[in-house]
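Note sheet for the following structure.
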2 protein chains.
Amino acid sequence: MAGKDAKRVTTIQVAALAGASPSTVSRALSGDPRITEATRQRVLAAADELGYRPNLIARGLKNRATGIIGVVVTDLGSFYHAEALRLLVDELGENGLAPLVFACHARQSADAVIARMAGYQVDAVIALAAPFDREIVASCDRSRKPLVLMNRYPGPEPVSTVGGDFDRGGALAAGHLIARGARSFAYFAGEDGAQISRDREAGFLRRLAEDGLGCRARISSVYSYDAARQAAAALLADPPDAVFCANDTLAFALIDAARHDAGLRVPGDLMVAGYDNTTLAARPSYDLTSIDQDLPELVARAVRRARALAEDPAAAPVQDVVLPRLVARGTTERPPAMET
Amino acid sequence: MAGKDAKRVTTIQVAALAGASPSTVSRALSGDPRITEATRQRVLAAADELGYRPNLIARGLKNRATGIIGVVVTDLGSFYHAEALRLLVDELGENGLAPLVFACHARQSADAVIARMAGYQVDAVIALAAPFDREIVASCDRSRKPLVLMNRYPGPEPVSTVGGDFDRGGALAAGHLIARGARSFAYFAGEDGAQISRDREAGFLRRLAEDGLGCRARISSVYSYDAARQAAAALLADPPDAVFCANDTLAFALIDAARHDAGLRVPGDLMVAGYDNTTLAARPSYDLTSIDQDLPELVARAVRRARALAEDPAAAPVQDVVLPRLVARGTTERPPAMET
DNA sequence: TCTTCTTGTGCATACGTTTGCACAACTGAT
DNA sequence: ATCAGTTGTGCAAACGTATGCACAAGAAGA
C-alpha cells in the first residue's frame, strides 16, 4: 500500500517543520499566552500542512483525564432508552466529550461493564439502567468513578441522580383520569423490583385517595412488549375504566391486547395513560396520553452533572428533579357513550 | 473524602507487593509462558488483593491498538438504527471491543466526527450513516482508519461494506405484491440522493417489468416520519393497488396517512410493504409486510470485518452481502372485496 | 570444577503528550 | 558596559504499560 507505514504525525514532526520544540508546539496549540503570535502561526501552519491531530490517548495518559464518558444502558430495545441514548450521544458530542457505550443485562454483569469502563479511564459514568442501579453504584464506588444515575427518583443513597418527579407524574395521571370521568382504576406496574414503577404508583394512589378513590386492580410485567401483552390479559377479563401504566411500552402492549386480543375499544371501553411520552405515543395508531419527562432537559442536566463530577470527583452528590407534564391524547377521551 | 487521593494501582504497586518487577507483572497477567507458575500465582494474588485493573489507555498508547471501535450513526430517531446500534454495542462488547459512538448530522460534519475518533486512536470505524458515506470514506482514508460501511449495497469504491442484497429485496417485494393480486404500483423513495433507496427501487422495477408491469407513481421524502406522512398525501389522492416503501419508517407514515388522513383501509384499499422488518412492523397496529435484512447477522459480519481490518489495515476491502427475506403480514392481505 | 545451555526475571526504553523548571535573548536602566 | 528584569523557548521528566535485550541462577555434560 502507498502510505501504509507513513509515520504518524506527532508533535515532534510538527516541531521539526516549524523549527521549534515539541513543548512549544503543545503550548502553541493549547493557546498558551506565553507563546509569540509569530511562533504560534508558524506552528499552526506546520500542523495544518502535516494534518496533525493530537493523540488523545497520549494526552489522556498524561492529563489523567480522557474526555471519555462511560454510558451504561440496559434495554435499547425500548424506544425510550433509544431516544435517550440518541440525545446523550448528541449532548456529549457537543460538550466535547466522547461516549463509550456498554450494555448491561443478564449476560453482562454491571460490575464487568464498569470495570471495563474504568480500565478505559472514563472521566465519569452515566447510567441509564435502572434495574442495575445498586450494583452500578457499588461498582463505581469501588473504581472511584464519578457516577450519574439517569431517570431515577431521588433515594437515600449518596449518589447523583437526574430524573423526573415520578410521584408527581403519577399524581398527574390520576388527576387527569379522574377529570375525564373514570371511576374505577388499575395500575400496570413494571418488574416488581423497579423503584421507578413504585414511585409512580405511589403518586397515582395518593392522588386517587385524595378523591376518596382506590385502585381496583394491579398487574405487573417485565418491561418487554411481548411479556406485557400477555400479562395484560388478566386485567382485561374484567376491565376497569382506566389504566395507568408505568411506562409507554406497557401501555402500548395493553392497548394492543385490549384492541386485538380482547376486542375492547380504546378509548371507549377503556382509558389508558402511559409514562415517558415516547415518539410512538404521538402517532395516530396509538395516540397515547402520556406523562412527558422532558428528556432533552434530563439529558442536558445529566451531562452537566457528569462534567462537574469529572472536574471535582469529591463534590457532594446532587439529586436533580425535573417536573413532569401531562400530554393528553386520544386514549383518554371520554367514552363516546357519554356523548350520546 | 476517605480515599480521595488514594494512589491508583499500577503494575508498580502490584510488583512491589508480589516481590517482582513491573515487567514480570505484565508478563504474568498476559499469560507469558516464560513465567513460572509460582510467580504467576503470587502476582495474581497481589493484583487481586490490590484490585488492580490494567490502564487500557496506557496499554493503547504502547501497543498502538486501543480496542476501541468508532461507531458513526446518523439518525438514531429511526427504530432501525436504534436496533442496529443496540446489536452493535452488544456484539462489540462480546468481542472485547469498546464502541465510541458519535452522531453525524447537519450540525456535526462527518469529517469532524472522524477526526475526533481518529484522535482517540480507534482501531477501526463502523459507519451506519448512509447519507454521509462518501465523506466518511474520504475522511477515514485521510486518517488511515480502517472502515466498514454498514447497510450498504456493494458499490465501485474500494471500501469494505456489509449490507443486504437490496436489489433482490426490491424484487422480492414486487413478486409478493404481484402474487397478492396487485396490478398498479407505486414506489415510495427515500431522500433523492440515497443509494440504498435507488438500489431497492431498481430491483422492484426489474421484477415488475418481468411480468410486463410498470410502476405508476413514485414519490419521495426525507427519512422522517412527519415529512413522509406529508409527502404521502400526494400519492393517496389517486392510490395504486400497492406501494413498496424504501424503508419501514416511510411505510408507517404512509399507512397512517392512508388510514387517518385519507380515510383509506390498509389493507383493503391499499397494500403496503416496507423494508427492514423493524420491531414495530410485527405489532398488530401496523402488522406490516416487510423485507427482513437479518440485522443480527449483518452486525456480526460488520464486527468481524472491523476486527480483521484492525488486525491488518492493508487487507483488501470485502463487500459482504446478506440475503434478504420477505416477511408477509397483514398489510398485503388480499382485499376483502375479492373474497366476497 | 568449569563450561554450556536452559530457564526465569529485571533493566531500560518507547509510545505521544503536557508541564515545572531552567535558561537564552532581549529590553532598559544605571 | 554591567546588571536586573522581562519574555519566550527548550530540556527533561512523568503518565502506565509492553518488550528486546542482557543477565542471574540452576541443570546437565565434560
Side-chain angles (χ1 to χ4, degrees), chain A residues 5-44 46-47 50-68 116 118-123 143-144, chain B residues 5-44 46-47 50-68 116 118-123 143-144:
Chain A
D5 48 17
K7 299 262 182 232
R8 359 170 77 168
V9 247
T10 78
T11 37
I12 317 260
Q13 337 276 339
V14 178
L17 180 57
S21 78
S23 14
T24 302
V25 172
S26 170
R27 285 194 256 257
L29 293 174
S30 70
D32 189 312
R34 298 182 313 181
I35 299 293
T36 324
E37 189 52 31
T39 329
R40 185 192 314 288
Q41 288 307 333
R42 257 191 6 256
V43 169
L44 257 66
L50 295 175
Y52 170 75
R53 298 274 166 217
N55 182 329
L56 300 179
I57 292 295
R59 175 181 293 172
L61 181 58
K62 173 68 180 143
N63 286 355
R64 293 155 162 264
T66 53
I68 302 180
R116 277 180 69 194
Y120 278 112
Q121 312 299 113
V122 298
D123 292 342
S143 310
R144 302 185 193 291
Chain B
D5 47 18
K7 299 263 182 230
R8 359 170 77 167
V9 240
T10 77
T11 37
I12 317 262
Q13 337 277 339
V14 177
L17 180 58
S21 77
S23 17
T24 302
V25 171
S26 169
R27 284 194 258 256
L29 294 174
S30 69
D32 189 313
R34 298 181 315 179
I35 299 291
T36 324
E37 189 52 30
T39 327
R40 185 192 313 288
Q41 289 306 334
R42 257 190 8 254
V43 170
L44 256 65
L50 295 175
Y52 169 76
R53 297 275 165 214
N55 182 329
L56 299 179
I57 292 297
R59 176 181 293 172
L61 181 59
K62 174 68 178 142
N63 285 354
R64 294 154 163 266
T66 53
I68 302 180
R116 278 187 59 200
Y120 279 112
Q121 311 300 116
V122 299
D123 292 343
S143 310
R144 301 185 195 292

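Just so it is clear, the model here is predicted, and its values are computed rather than measured.
Within 4.0 Å (heavy atoms only), B:Ser30 reaches no atom of the nucleic acid at all.
Between A:Gln13 and A:Leu17 the shortest side-chain heavy-atom distance does not fall below 4.5 Å.
Chain B approaches DNA chain D over the interval D:dG16 to D:dG20, counting the first and last nucleotide 5' to 3' with an atom under 4.0 Å from its heavy atoms.
Listed by residue number, the members of residues 56-64 of chain B with any heavy atom below 4.0 angstrom from DNA chain C are B:Leu61, B:Lys62, B:Arg64. Residues of residues 21-29 of chain A that place a heavy atom closer than 4.0 Å to DNA chain C, in numerical order, are A:Ser23, A:Ser26, A:Arg27.
Under the side-chain hydrogen bond (donor to acceptor under 3.5 Å, both in side chains) criterion, A:Ser23 pairs with A:Ser21, not counting sequence neighbours. With sequence neighbours excluded, no residue forms a side-chain hydrogen bond (donor to acceptor under 3.5 Å, both in side chains) with B:Asn55. Take B:Ile12 and apply the side chain to side chain contact (heavy atoms under 4.5 Å, CB included) test, not counting sequence neighbours, and it matches B:Thr10, B:Pro22. The salt bridge (charged side-chain N to carboxylate O under 4.0 Å, His left out) check on A:Arg116 picks up nothing, with sequence neighbours excluded. In this structure, B:Ser143 has no side-chain hydrogen bond (donor to acceptor under 3.5 Å, both in side chains) partners at least two apart in sequence or on a different chain.
Put simply, CD1 on A:Ile57 and CZ on B:Arg64 are 13.0 Å apart, with the number rounded to the nearest 0.5 Å. One distance of note links CD1 of B:Ile35 with CZ of B:Arg42; it measures 10.0 Å at 0.5 Å rounding.
Rounded to 10 degrees, the angle between the two end axes of the helix from C:dT1-D:dA30 to C:dT30-D:dA1 is 70°, with five pairs used at each end.
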Sequence neighbours excluded and cut-off under 3.5 Å, please list the side-chain donor-acceptor pairs for residues 27-34 of chain B, or say none.
| residue | atom | partner | partner atom | Å |
| --- | --- | --- | --- | --- |
| B:Ser30 | OG | B:Ser26 | O | 3.2 |
| B:Ser30 | OG | B:Arg27 | O | 3.3 |
| B:Asp32 | OD1 | B:Arg34 | N | 2.9 |

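Heavy-atom distances to DNA chain C give each of B:Thr36 and A:Tyr52 a nearest nucleotide, and the one nearer the 5′ end belongs to B:Thr36.
A salt bridge (Lys or Arg N to Asp or Glu O under 4.0 Å) check over residues 52-63 of chain A, counting only residues at least two apart or in different chains, returns nothing.
Nearest heavy atoms, A:Ala58 versus B:Leu61: CB-CD1, 3.7 Å. B:Val25 and B:Val14 get closest at one heavy-atom pair: CG1-CG1, 3.9 Å.
For B:Thr66 (side chain) and B:Gly60 (main-chain N/O), no donor-acceptor pair under 3.5 Å exists by modelled atom type.
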